[in-house]
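These numbers come from a predicted model, not from an experiment. In listed order, ligands and their atoms are each counted from 1.
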Amino acid sequence: MTTETTSTATATAKIPAPATPYQGDIARYWNNEARPVNLRLGDVDGLYHHHYGIGAVDHAALGDPAHSEYEKKLIAELHRLESAQAEFLLDHLGPIGPDDTLVDAGCGRGGSMVMAHRRFGCKVEGVTLSATQAEFGNRRAGELRIDDHVRSRVCNMLDTPFDKGSVAASWNNESTMYVDLHDLFAEHSRFLKVGGRYVTITGCWNPRYGQPSKWVSQINAHFECNIHSRREYLRAMADNRLVPQTIVDLTPETLPYWELRATSSLVTGIEEAFIESYRDGSFQYVLIAADRV
Ligand SMILES: C[S@@+](CC[C@H](N)C(=O)[O-])C[C@H]1O[C@@H](n2cnc3c(N)ncnc32)[C@H](O)[C@@H]1O
Ligand SMILES: CC(C)=CCC/C(C)=C/COP(=O)(O)OP(=O)(O)O
Ligand SMILES: [Mg+2]
């Protein structure tokens, strides 16, 4: 069963029905999302992200908090750190050429897709449950005149139309916590070419802590997601022909972003849970880059 859309951008496109009631809830969540912390940061340069930042804060660029321009500089700095996170993910995709196709699984408003095309000159296919996000990303690609290479569609990342072995590299940037990892990695393994590269940056609960902490539970409730443990990632990858090449604990790298964000006017209330769980070791921010063998 499909439902007709009402918007002009996808007047003829058919939106696939959600595979589960949960996916319907997640589609609604992102169709209705318009948090200033995301839109104001994306307005800085037209790259719209729904992930978090890494790297040292450039306090010299921020200047004096009492200055009238400080808030504008703070927004630009948070955005710079979020774009640095996407650059770090792209650094791990391996050698990608203009004839390759990449897949952004859970592509949001498409900021990382634009960055990937600008870096490699390749095609980038994005999937999201949200028609609002797909329309936003395609509108941005049209404005940037790269819509012949960068395309978002409403599609379940667990059931994509991409041919077996047709994709050079793929990623999940903060979108694995919405799906079962075995189902997810089976689909990446299907459409990735042998020798292709899979990368994810994600928050995961730390098995050394024992079980998800109250902070992790708060983050799950805030985003209606289900954060996995680091152990589950490695087990699900191993079961689906994805062999880790690189694992980076980015927790120390993302804390400065959160400590700066907590001082801004754009706080959403989730900052304490991220800061406290990163500090107590119950939650980790990791990159995993794996080869499809
Ligand atoms: C936090 S956003 C991350 C967006 C993007 N990766 C970024 O870095 O800006 C999570 C994304 O995952 C998508 N998502 C969640 N479950 C999905 C599913 N089953 N299939 C496709 N997309 C899904 C949501 O629609 C949303 O775009
Ligand atoms: C690391 C984890 C567990 C992330 C959960 C997925 C998520 C919602 C990421 C940020 O999206 P966003 O940029 O829309 O969120 P915010 O409004 O907080 O900036
Ligand atoms: Mg955000």
Practice problem: Using a strict 4.0 Å cut-off to heavy atoms of Gln23, name the atoms of ligand 1 that fall inside it. | Solution: 19 (N)
Practice problem: Check His51 against ligand 2 and report side chain, backbone, both or neither, counting heavy atoms closer than 4.0 Å. | Solution: backbone
Practice problem: For ligand 1, indicate whether the residue Cys107 contacts it via side chain, backbone, both or neither (heavy-atom separation under 4.0 Å). | Solution: backbone
Practice problem: For Glu174, take its heavy atoms, then give the atoms of ligand 2 lying under 4.0 Å from any of them. | Solution: 1 (C), 4 (C), 6 (C), 9 (C), 10 (C)
Quiz item: What are the atoms of ligand 2, with element, lying closer than 4.0 Å to any heavy atom of Tyr178?
Solution: 6 (C), 8 (C)
Quiz item: Does the pair Asp159/Arg190 count as a salt bridge with the N-to-O cut at 4.0 Å?
Solution: no
Exercise. Measure up the Phe274 and Phe223 rings against each other and bin them: parallel (under 30°), tilted (30 to 60°), perpendicular (over 60°).
Key: perpendicular
Quiz item: Using a heavy-atom cut-off of under 4.0 Å, does the side chain or the backbone of Trp258 touch ligand 2, or both, or neither?
Solution: neither
Quiz item: Quick one: nearest non-hydrogen protein atom to atom 15 (O) of ligand 2, plus distance?
Solution: Tyr52 OH, 3.2 Å
Practice problem: Would you mind running through ligand 1 and noting each atom that sits below 4.0 Å from a heavy atom of Gly108? | Solution: 4 (C), 5 (C), 27 (O)
Quiz item: Nearest to atom 17 (C) of ligand 1 by heavy atom, Asn38, Leu129, Asn31: which?
Solution: Leu129
Exercise. Say whether Arg109 and ligand 2 are in contact under the criterion: heavy-atom distance to a ligand atom below 4.0 Å.
Key: no
Quiz item: Is any N or O atom of Asn173, backbone or side chain, closer than 3.5 Å to an N or O atom of ligand 1?
Solution: yes
Quiz item: Does ligand 1 have a heavy atom under 4.0 Å from the side chain of Val179, from its backbone, from both, or from neither?
Solution: side chain
Quiz item: Does any N, O or S atom in Asn38 come within less than 2.8 Å of the Mg ion (ligand 3)?
Solution: yes
Self-check item: Close approach, Tyr48 and ligand 2, non-hydrogen under 4.0 angstrom
Solution: no
Exercise. Compute the minimum heavy-atom distance from Cys155 to ligand 1 and say whether it is under 4.0 Å.
Key: yes
Quiz item: Should Gln133 be counted as touching ligand 1, given the test is an N or O pair under 3.5 Å?
Solution: yes
Practice problem: Output yes when the distance from some N or O of ligand 1 to some N or O of Gly106 is under 3.5 Å, and no in every other case. | Solution: yes
